[in-house]
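Small disclaimer: the values here were computed from a predicted structure and weren't measured. So you know, we letter chains A, B, ... as the sequences are listed, proteins then strands, and number each from 1.
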Number of protein chains: 2
Amino acid sequence: MEIREVFARNLKAARQAKGLSQEELAFRAGLDRTYISSLERRVYNASIDVVDRLAIALDVEASELLKRPPGTKIKLLR
Amino acid sequence: MEIREVFARNLKAARQAKGLSQEELAFRAGLDRTYISSLERRVYNASIDVVDRLAIALDVEASELLKRPPGTKIKLLR
DNA sequence: ATGTGACTGGCAGTCCGTA
DNA sequence: ATACGGACTGCCAGTCACA
């Protein structure tokens, strides 16, 4: 699973959890509206700077946005 | 604290914890030797793709490399 | 084994549309 | 409000030569 897909999912989930539109988030983070859209569609590999700005705008930790969903790696048990 | 500084520290710490040289890590991650050096000196904002490749080469989670040291933000509880 | 300056291509990121 | 393009551009990620 590509890291940008992980990021895309987490970004979208976090944004929706905050009840923000792409436009609002873009404004808060000082980025372009269509760029947010692109990120959520896994078009680009964002820089960690962008990740951080989005994290701040969403009030989450930057590392949270890169967390793979549990069970993505080699499954041990479960 | 800039995110790239956080990344720089975590990268260096993780690399040294594994007992790898910058050269070895660069080779494993398929990156340039001097680029690793630059990252550890906080010269660049790496892309999340690079973060992930380094994380894999270091056998840690990508999100780990972006974790701010505890006590960096507003502490709520704990 | 690491730091650094100089260089350059490619892609991040913007802006404009249409649906 | 979002997806999805096309067209554009600046800048910086990433490399190389050398110390």
- Message: Taking the basic N atoms (NZ, or NE/NH1/NH2) and the acidic carboxylate oxygens, is any pair closer than 4.0 Å for B/Glu24 and B/Lys18?
- Response: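 Here B/Glu24 does not pair with B/Lys18 in a salt bridge, since their nearest N and O are not under 4.0 Å apart.
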
- Task: Determine, for A/Arg28 against A/Asp59, whether the closest basic-nitrogen to carboxylate-oxygen distance falls under 4.0 angstrom.
- Result: no

- Query: Should A/Ser37 be listed as having a side-chain N or O under 4.0 Å from OP1 or OP2 of D/dT2?
  - Reply: no

Within the 4.0 Å heavy-atom criterion, would you say [X] contacts the bases, only the backbone, or no part of the nucleic acid?
| X | value |
| --- | --- |
| B/Val50 | sugar-phosphate |
| A/Ser47 | sugar-phosphate |
| B/Glu23 | base |
| A/Arg4 | nothing |
| B/Ile36 | nothing |

Separation of atom [atom1] in [X] from atom [atom2] in [N], rounded to whole Å:
| X | N | atom1 | atom2 | value |
| --- | --- | --- | --- | --- |
| B/Asn45 | D/dG14 | CG | P | 11 Å |
| A/Tyr35 | D/dA3 | OH | C1' | 17 Å |
| B/Arg41 | D/dG14 | CZ | P | 15 Å |
| A/Gln16 | D/dA1 | CD | P | 14 Å |
| A/Tyr44 | D/dT9 | OH | P | 15 Å |

[X] to [Y] - nearest heavy-atom pair and separation:
| X | Y | result |
| --- | --- | --- |
| B/Ser38 | B/Tyr44 | CB-CE1, 3.5 Å |
| A/Asn10 | A/Leu65 | ND2-O, 3.0 Å |
| B/Val6 | B/Met1 | CG2-SD, 3.6 Å |
| A/Leu66 | A/Ile3 | O-CD1, 4.1 Å |

- Item | A/Asp49 and A/Ser47: side chain donor to acceptor below 3.5 Å | no

- So which one's nearest nucleotide on DNA chain C is more toward 5', A/Arg33 or A/Gly30?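 Counting from the 5' end, the first nearest nucleotide belongs to A/Gly30.
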
- Item | Terminal contacting nucleotides, 5' and 3', DNA chain C versus chain A (heavy atom, 4.0 Å) | C/dA12 to C/dG17

